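This structure is a prediction, so every number in the text was calculated from the model and none was measured.
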Amino acid sequence: MPKLTRWYLKSALVYLAAALLLSLALALPPSLPLPAFIRAMNPAFFHLFLVGWVTQMIFGVIYWMFPIISRARPRGNEKVGWASYLLLNGGLLLRVAAEPFLTTRPQANVGWLLVGSALLQWLGVTLFVYLAWPRVKEKYRGE
Amino acid sequence: MPRLSRWMIRAALVYLWAGITIGGLLLAHKGVPLHPALWGWLPVHIEFLLIGWVAQLAMGVAFWILPRYWNKPRRPRARLAYLAFWLLNVGIGLVTVYLLRLAERPYLLAGRAAEVGAVLLFARHAWGRIVSREGLG
């Protein structure tokens, strides 16, 4: 299993645990004194689960198991893969922190953080699609 | 990787890219308002990513890696799986047209019916391939 896949899969498991932990907190009765920041994390829960867990799990397995391009460059440009991983995770973590902050303190001028998060995640996914596309092919049978 | 899997996985990657593009615009709009009509695209974002990306990718990979039969046809009832591909994507298209308020409710119903049909056809194809090494179902 390549190193990038290990990072994707282990990160995915951490996000799954974090998402379900957050869902537990969100399920607590409203009478309990939970910080408003946590109460505003419903969208963060969905995206921790669907981007952090589901999508990253898929990305890791695709990078590992899809047909190789060639013996010389089996999985394409590895640097593009790492850039995708870092951009996606940076963007997701930025969203998880910035979105509830913006919800609970709308007067704070931090809306641009969400723009940054959107851009980072979009770039991460775009790079991954670019990396995976040539590997959607028949089995490699030599040059 | 068989041809149908290539079609399904490439379509799934296109839906992923389109879905994340819409999602990115929505998230950016939440931080810095871009256009009030953008929120109307939220259901399309969800449709593309859950049905177009996750469900279709899983079907494409399943068609590829589920155990094959020893004798031909090695992937039985493959026509059902091909039909599932077309039905699923037509279904997503019809649902999307409705979600963007370009058509009335019958489009939504037809689209959802097509998606259900696609899943049932694919399940019929895949069912016999979900077996143990000894061929036990």
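Per-residue heavy-atom pair counts under 4.5 Å with chain B were compared for A:W133, A:W112, A:F128, and the maximum is reached by A:W133. Considering only heavy-atom pairs separated by less than 4.5 Å from chain A, the leading option among B:L25, B:L13, B:L50, B:V54 is B:L13. Comparing A:K139, A:R95, A:Q121 by how many heavy-atom pairs each has under 4.5 Å with chain B, the most go to A:R95.
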With side-chain contact (heavy atoms from CB on, under 4.5 Å) as the test, would you mind laying out the steps for A:L114 and B:V32 before giving the verdict?
CA-CA 8 Å; A:L114 292 188; B:V32 178; over 6 Å; no
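Hydrophobic clustering of Ile, Leu, Val, Met, Phe, Trp and Tyr side chains at less than 4.5 Å, counting indirect connections, keeps B:L108 apart from B:L87. Using a 4.5 Å cut-off between side-chain heavy atoms of Ile, Leu, Val, Met, Phe, Trp and Tyr, with links allowed through other members, A:V14 and A:L48 fall into different hydrophobic clusters. Tracing side-chain contacts under 4.5 Å through hydrophobic residues (I, L, V, M, F, W, Y), one never reaches B:F63 starting from B:L121; they form parts of separate clusters. B:L109 and B:V116 are not part of a single hydrophobic cluster, where members link through side-chain heavy atoms under 4.5 Å apart. Put simply, A:W53 and A:L93 are part of the same group of oily side chains (I, L, V, M, F, W, Y) that touch within less than 4.5 Å, one to the next.
Heavy atoms of B:I65 lying under 4.5 Å from chain A are absent altogether. Within the 4.5 angstrom heavy-atom criterion, only side-chain atoms of A:V54, from C-beta onward, approach chain B. Neither the backbone nor the side chain of A:P106 has a heavy atom closer than 4.5 Å to any heavy atom of chain B.
Other residues, nucleotides and ligands place more than 12 heavy atoms under 6.0 Å from the CZ atom of A:F45. In the displayed structure, B:W86 atom CH2 is contacted under 6.0 Å by at most 12 heavy atoms of other residues, nucleotides or ligands. The 12-atom threshold is exceeded at CH2 of B:W7, counting heavy atoms of other residues, nucleotides or ligands nearer than 6.0 Å. Enclosure of atom CZ in B:R74 by more than 12 non-hydrogen atoms of other residues, nucleotides or ligands within 6.0 angstrom is indicated. No more than 12 heavy atoms of other residues, nucleotides or ligands sit less than 6.0 Å from atom OH of A:Y130.
Rounded to the nearest 0.5 angstrom, A:L50 CG and B:L49 CG are separated by 8.0 Å. Atom-to-atom distance recorded for B:R6:CZ and A:E138:CD is 4.5 Å, nearest 0.5 angstrom. Separating the NZ atom in B:K30 from the CG atom in A:L113 is a distance of 13.5 Å, to the nearest 0.5 Å. A distance of 7.0 Å separates CD1 of B:I20 from OG1 of A:T55, quoted to the nearest 0.5 Å.
Looking at every heavy atom in both residues, B:A28 comes nearest to A:A118 through N-CB, 4.0 Å. Nearest approach of A:S117 to B:L27, heavy atoms of both residues: OG-CD2, 3.4 Å. Across all their heavy atoms, B:M1 and A:K137 have their closest contact at CB-O, 3.0 Å.
Relative ring orientation between A:F66 and B:W64 is described as perpendicular, the plane-to-plane angle rising above 60° on a 0-90° scale split at 30° and 60°.
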